[in-house]
Every structure is written in structure tokens, then in C-alpha cells.
Amino acid sequence: MDVTTPATAPWLIVGLGNPGPEYAMNRHNIGFMVADLLAERIGGRFKRAGKAQAQVVEGRTGPMGPAGRRVVLVKPMSYMNLSGGPVNALRDFYKVPTAQIVAVHDELDIDYGTLRLKLGGGDNGHNGLKSMTKAMGPDYHRVRCGIGRPPGRMQVADFVLKDFSSAERKELDWFVDRAADAVECLVTEGLERAQGSYNS
């Protein structure tokens with residue numbers, strides 16, 4: 001009988017966002033954008049994950065061949081505030097330790113274009129993180145993609161569900177690319193190395 005250990009279990013890379021074309025370019029969907037780029041890099045296409053309300057891509061990241069780390073890229077299809085259910089189901093299915101789960105998400109308290117990586121912590125009012133933490137505790141990695149605070153008196157919910165501005169879009173491809181690099185570095189070289197290279 002196969003026994004999955006942390007060394008053989010894949011990493012679960014969860015891009016947080018909302019499904020549907022109307023949300024595709026929202027600030028809240030940067031996690032989906034990073035997941036899509038990572039899928040492109042490993043040459044995979046998202047497909048429905050059995051009974052879990054999510055889309056997944058399986059592959060390897062890092063060095064080519066067997067030296068690469070096994071990863072399962074995940075886009076929950078449950079809407080942001082219910083993300084924990086599908087992620088928890090996939091964690092159980094792939095027998096992934098919580099510390100080998102990475103949530104990629106938008107972060108209001110960091111300036112646009114800035115990345116911060118960490119393990120564990122609070123949800124800072126982010127509904128996707130809140131749902132994941134409720135489902136499996138807080139001890140997973142986060143790649144926090146700064147989107148800044150809403151201008152003036154704009155409500156947070158309105159701000160995160162709006163598309164990136166035209167000025168922001170000029171740097172968006174670079175930002176998503178850098179976030180994808182950070183995820184790969186975290187998985188292949190560890191949190192400390194990734195923080196040293198990408199936290200700003």
C-alpha cells in the first residue's frame with residue numbers, strides 16, 4: 001500500500017478568485033491569474049476535479065524531469081467566500097500536509113505590485129482566507145499580492161470587485177509573472193529563500 005509522506009505529497013497551489021468571465025479581470029481575481037500562468041508554464045490545462053467544486057492541473061515545477069516538485073494547481077469554483085470546502089476536499093484527496101498548501105490572493109494592506117510571502121497568520125478580512133482557515137486551520141502558506149487600499153470613500157467590496165485600472169494593467173503582466181516566480185521559488189527552495197528574493 002502506498003503511503004504518502006510530505007516528501008512525496010504534492011504541493012497544493014490555490015489561486016483564489018471568483019469563477020465567471022465577469023470577474024476575470026477583477027482585483028480580487030489575481031490569484032486565478034497567477035494560477036493560469038503557472039498552468040501555462042507546466043504545460044497543463046485546468047479541468048474539473050471529480051466531485052470537488054474546483055478546477056485543477058497536475059504537473060511538476062522547478063527543474064525538468066523527476067527532480068521537479070509535484071504540484072496541483074487549484075482554482076476553486078465555489079466563489080471566494082466558500083473556497084475552503086473545495087480546497088479541504090482536495091487536501092484530503094491528495095493527502096497534502098497543510099504546510100504544503102499555498103494560497104495566492106489579493107492583499108489590501110500592501111501597495112499595488114508588492115509581494116509578501118508568509119506561513120500562517122490571520123485572514124485580514126479576506127473572505128477566501130477566512131473560508132480556508134475555517135476549513136483547515138491557519139497553517140498554510142500565503143503569497144500576498146498587493147492591490148492597495150480603495151481611493152476616497154469607496155467600499156472595499158466595490159474596490160476588489162472592480163477591474164484593475166488602466167494604469168495598473170500596464171504593470172499587471174509583470175506583477176503576475178513575479179508572483180508566479182515567487183510561488184515556484186517557495187515550492188522548490190523554501191519560504192526563507194522565497195521571502196529573501198520576493199518580499200519587498
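Numbering starts at 1 and runs along the sequence shown.
Atoms CD1 and CZ, on I101 and R91 in that order, are 5.5 Å from each other to the nearest 0.5 Å. Here the straight-line distance linking atom OG of S197 with atom CG of L115 works out to 11.5 Å at 0.5 Å rounding. Atoms CE and CG, from M132 and N127 in turn, are 13.5 Å apart once rounded to the nearest 0.5 Å. Atom CG of L119 sits about 10.5 Å away from atom OH of Y140, to the nearest 0.5 Å.
Both I30 and F46 sit in one connected hydrophobic cluster of ILVMFWY residues. Membership requires side-chain heavy atoms under 4.5 Å apart, directly or through other members. Cluster membership check: V34 shares its hydrophobic cluster with F175, using side-chain heavy-atom separations under 4.5 Å among Ile, Leu, Val, Met, Phe, Trp and Tyr.
Between the side chain of N199 and the backbone N or O of L117 there is at least one donor-acceptor pair closer than 3.5 Å. Under the 3.5 Å distance criterion, the side-chain polar atoms of D139 are left unmatched by any main-chain donor or acceptor of A99. Between the R27 side chain and the F159 main chain, a donor and an acceptor come within less than 3.5 Å of each other. With Y94 contributing its side chain and L12 its backbone, the two residues share no donor-acceptor pair below 3.5 Å. In this structure a side-chain-to-backbone donor-acceptor pair under 3.5 Å is present from R169 to F164.
D181 pairs by the side chain to side chain contact (heavy atoms under 4.5 Å, CB included) definition with R41, D177, E184, Y198, not counting sequence neighbours.
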**Request:** Output, in order, the C-alpha distance, side-chain angles, deciding distance and verdict of side chain to side chain donor-acceptor pair (under 3.5 Å) for N26 and N18.
**Result:** CA-CA 9 Å; N26 286 182; N18 287 307; 5.5 Å; no
**Request:** Dump the intermediate steps for side chain to side chain contact (heavy atoms under 4.5 Å, CB included) on E107 and R142, then the final yes or no.
**Result:** CA-CA 10 Å; E107 178 64 64; R142 297 103 190 276; over 6 Å; no
